[in-house]
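Right, one structure below, let's go through it.
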Amino acid sequence: RLDPPHGANMHWSHLVDLPIVGIILLTKPFFGELMAERIAVSIAPLFPLGVALVGLGLTARRLVAPGAHLLAAGIMLCFVTAMTMFMPLRIDHHGWQLALLMIILAGLSDPIAFRGGLTVGLASALSLVIGLETLPWLAISGAGIALRWVISMDQSPRLRGYGVGLGGGIALGFLIFSSRDNWVARCDALTPVWLSVMLVASALMVLAGSWRVESRNMRLLLVAASGVIVAGFLATAWPQCVGRPEQISPELERLWFNNISEVKPIYTRNWPTILSTSVLVIGLLGSFWALWTHRKDERGAAWATIALLSLGSGLLVLWQARAAPSALLFSV
């Protein structure tokens, strides 16, 4: 409906529109087109909210206690900054990306290695199909899985599952959901640039997880070499995408981009917003305390990745306020 009949080029894919379309198709015969659309935009944001609650609940049950999912849900519902992403009428892509981050946490905490790796890989692929906003968290999650393999050979199935899920999911997602505009080498969406980078990374993960490497030092060397290969491939094949992905002119950045509310640091907001976001410090401290408590058992590796995600998102909030919802959900 924007710029008819051609439509408008958006920076996220139609994957997030599927629930909206489904609700419209189901309700239109009974209520007519206008009411069906009103029902869709009211109900659709609750779908990612449900997925996020499931992901948080599974993570809390696996890492804290069997009944902790209720406490996790209660805390999440109190975070207004995060809950605004799931409000009725909010049908953009941020809610789904937050939900997929919570599924990634569930995969990181899954005691069944291959299933956990596959969950993280598929959720990462779907998030990239939607948009690139969560790329830093996806990179930390993938690095966490690779380091778990470095620490223990028993994590080979998790590494293989992650590579299979990421590579297969991103290839299918690109073929099904990418617009014609995204077949051009742009840097701020899933285009041939990030498709090729992720396929190289996933292939290296599968290969590493398929080899039986007894030496921990050799496993660390393989992971480090894989990181260098991926970074070198990006810099060599797509040098224009090394740096800020927006690729906008200095004038546009000064006059428009730097004035977007969510792009400004959190300390530029009003005091109620700053105070409501500052509670993420509690989650950050708690994650490191849990890491120390479980440093010698199997849950310690999952807590280490969650602690890194909490720390990274907390620091990013000081740069751009749009990281606050993900930082708050990590802190749960």
Side-chain angles (χ1 to χ4, degrees), residues 59 62-63 101 104-125 128 134-170 194 196-237 242 284 287-316 330:
T59 306
R62 290 165 175 172
L63 294 182
L101 285 177
I104 287 173
L105 292 188
L108 290 170
S109 61
D110 196 334
I112 300 177
F114 184 81
R115 185 180 67 184
L118 189 65
T119 300
V120 175
L122 286 173
S124 299
L128 288 170
T134 57
L135 186 59
W137 319 144
L138 306 183
I140 292 174
S141 302
I145 289 178
L147 290 176
R148 289 171 78 166
W149 175 71
V150 171
I151 295 170
S152 174
M153 269 290 294
D154 294 339
Q155 294 297 312
S156 293
R158 191 181 301 272
L159 189 64
R160 288 197 304 273
Y162 173 74
V164 169
L166 178 63
I170 206 164
W194 295 106
S196 59
V197 170
M198 293 302 157
L199 288 177
V200 170
S202 60
L204 291 172
M205 292 283 192
V206 173
L207 285 174
S210 301
W211 291 336
R212 183 158 189 85
V213 184
E214 298 293 345
S215 169
R216 181 178 294 181
N217 290 336
M218 184 57 67
R219 293 197 298 272
L220 179 60
L221 181 63
L222 284 173
V223 168
S226 298
V228 171
I229 290 172
V230 173
F233 175 79
L234 173 63
T236 304
V242 177
L284 176 61
S287 64
F288 279 96
W289 175 76
L291 169 59
W292 177 257
T293 303
H294 298 286
R295 64 190 183 279
K296 294 182 179 179
D297 62 47
E298 188 176 349
R299 286 180 287 181
W303 276 117
T305 309
I306 292 173
L308 285 175
L309 288 168
S310 298
L311 178 61
S313 59
L315 292 175
L316 194 61
F330 288 142

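For Trp149, the side chain to side chain donor-acceptor pair (under 3.5 Å) partners two or more places apart in sequence, or in a different chain, are Ser156. Scored by the side-chain contact (heavy atoms from CB on, under 4.5 Å) test, Met218 finds Val213, Ser215, Leu221 as partners (sequence neighbours excluded). With sequence neighbours left out, Asn217 forms a side chain to side chain donor-acceptor pair (under 3.5 Å) with no residue at all. Under the salt bridge (Lys or Arg N to Asp or Glu O under 4.0 Å) criterion, Arg295 pairs with no residue, sequence neighbours left out. Residues satisfying the salt bridge (Lys or Arg N to Asp or Glu O under 4.0 Å) criterion with Arg299, sequence neighbours excluded, are absent altogether.
For the atom pair CD1 of Ile140 and OG of Ser313, the computed distance is 7.5 Å after rounding to the nearest 0.5 Å. Going from atom OG1 of Thr134 over to atom CG of Leu128 covers 6.0 Å, rounded to the nearest 0.5 Å. Rounding to the nearest 0.5 angstrom, the gap separating the CZ atom in Arg62 from the CG atom in Leu105 is 11.0 Å.
When side chains are defined from C-beta on, Ile104 counts as touching Leu138, because their heavy atoms get closer than 4.5 Å. Using a 4.5 Å cut-off on side-chain heavy atoms (C-beta onward), Leu101 and Phe330 make contact.
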Solution key, residues 225-236 side-chain donor-acceptor pairs under 3.5 Å, sequence neighbours excluded:
from, atom 1, to, atom 2, distance (Å)
Ser226, OG, Leu222, O, 2.8
Thr236, OG1, Gly232, O, 2.7

Give every donor-acceptor pair under 3.5 Å between a side-chain atom in residues 200-211 and any protein atom, sequence neighbours left out.
from, atom 1, to, atom 2, distance (Å)
Ser202, OG, Met198, O, 3.0
Ser202, OG, Leu199, O, 3.0
Ser210, OG, Val206, O, 2.6

Tell me which donor-acceptor pairs under 3.5 Å the side chains of residues 302-312 have, and how far apart each pair is, sequence neighbours excluded?
from, atom 1, to, atom 2, distance (Å)
Thr305, OG1, Ala301, O, 3.3
Ser310, OG, Ile306, O, 3.0

Q | Candidate pair Tyr162 and Ser141, rule side-chain contact (heavy atoms from CB on, under 4.5 Å), full reasoning | A | CA-CA 10 Å; Tyr162 173 74; Ser141 302; 5.8 Å; no
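Sorted by first and then second residue, the salt bridge (Lys or Arg N to Asp or Glu O under 4.0 Å) pairs involving residues 143-170 (not counting sequence neighbours) form an empty list. Under the salt bridge (Lys or Arg N to Asp or Glu O under 4.0 Å) criterion, the residue pairs touching residues 111-125 are Asp110-Arg115, with sequence neighbours excluded. Pairs passing the salt bridge (Lys or Arg N to Asp or Glu O under 4.0 Å) check and including a residue from residues 202-214, sequence neighbours excluded, read Arg212-Glu214.
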